[in-house]
Amino acid sequence: MSCIFCKIVDGSIPSTAIYEDDLCYAFADIHPQAPEHILIVPREHIASMADCVQSERSLLGHLLWAAAEIAQGKQLAKGYRVVINTGEDGGQTVEHLHLHLLGGRSLSWPPG
Ligand code: 5GP
Ligand code: ZN
């Protein structure tokens, strides 16, 4: 298994843990783009949002719920952004589904 996020989930690549449960693991992004930049990944390997199947609907909802829980714990009351880069045009560079939770500064729109 060569997936770096699977290795982060199993602990063979170190990371700074933010949150974890039976379905997902959240850790600090190694190149933060905001004062808070957290990645939330499913424990099971799913390559991207485009690869999700019907049986993973509740897992997708759980990942969003985890993002909201983490944001609440980080006191991002002024707001935050959740991003799922998907595929080549979406700017995805790691092929293991992940949510970016970004906050702690004002974020511009539209994204690049
Ligand atoms: P993507 O571009 O696929 O949406 O996001 C991948 C993210 O993973 C990037 O923000 C990048 O900084 C982060 N990343 C890549 N490799 C590592 C790593 O080994 N550890 C951590 N903590 N983050 C990583
Ligand atoms: Zn993986």
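For reference, positions follow the sequence shown, starting with 1. Remember, it's 1-based here, ligands and their atoms both numbered in the order they're listed. Side-chain atoms are counted along with the backbone in the values below, which use heavy atoms only and exclude waters and symmetry mates.
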Closest approach of [X] and [Y], non-hydrogen atoms and distance?
X	Y	result
H37	Q33	ND1-N, 3.0 Å
A26	I70	CB-CD1, 3.6 Å
C52	L60	SG-CD2, 3.7 Å
P35	G104	CG-O, 3.4 Å

Tell me, which protein residue and heavy-atom name are nearest [atom], and how many Å apart are they?
atom	result
atom 17 (C) of ligand 1	I30 CG2, 3.8 Å
atom 11 (C) of ligand 1	D29 OD1, 3.4 Å
atom 22 (N) of ligand 1	A28 O, 2.9 Å
atom 16 (N) of ligand 1	I4 CD1, 3.4 Å
atom 2 (O) of ligand 1	T93 OG1, 2.8 Å

Would you kindly confirm whether I30 and L102 end up in one hydrophobic cluster when ILVMFWY residues are joined by side chain heavy atoms under 4.5 Å apart? no
Which bit of I8 gets closer than 4.0 Å to ligand 1, counting heavy atoms only: side chain, backbone, both or neither? side chain
Report the part of V83 in contact with ligand 1, treating N, CA, C, O as backbone and CB onward as side chain, heavy atoms under 4.0 Å; options are side chain, backbone, both, neither. neither
I'd like to know if the side chain of H62 pairs up with that of D21 as donor and acceptor (distance under 3.5 Å, no hydrogens or angles considered). yes
Take a 6.0 Å sphere around CD of E95 and say whether it holds more than 12 heavy atoms from other residues, nucleotides or ligands. no
[X] touching ligand 1 at heavy-atom level, < 4.0 angstrom:
X	answer
Q33	no
H98	yes
G91	yes

Which atom, counting only N, O or S, brings H96 closest to the Zn ion (ligand 2)? ND1
Restricting to N, O or S, what is the name of the atom of H45 that lies nearest the Zn ion (ligand 2)? ND1
Vertex the Zn ion (ligand 2): angle to SG of C3 and SG of C6, to 10°? 120°
Nearest 0.5 Å please: distance from the CE atom of M49 over to the CD atom of Q92. 11.0 Å
Would you say L39 and ligand 1 have an N/O pair spaced under 3.5 Å apart? no
Flag S15 as yes when one of its N or O atoms lies below 3.5 Å from any N or O atom of ligand 1, and as no otherwise. no
Any atoms of ligand 1 less than 4.0 Å from a non-hydrogen atom of [X]? List them with their elements.
X	result
H31	12 (O)
F27	21 (C), 22 (N)
F5	8 (O)

Find out whether I40 and Y25 are in side-chain contact, i.e. whether some heavy atom of one side chain is under 4.5 Å from a heavy atom of the other. no
If you define the side chain from C-beta out and look only at heavy atoms, does anything of H96 sit under 4.5 Å from C6? yes
Sorted by chain and residue number, the side chain to side chain contact (heavy atoms under 4.5 Å, CB included) partners of V82 (sequence neighbours excluded) come out as L64, A67, Y80, L99, L101
Do NZ/NE/NH1/NH2 and the carboxylate oxygens of E20 and R43 come within less than 4.0 Å? yes
Measuring from atom 4 (O) of ligand 1, which candidate in Q92, H100, K7 has the nearest non-hydrogen atom? H100
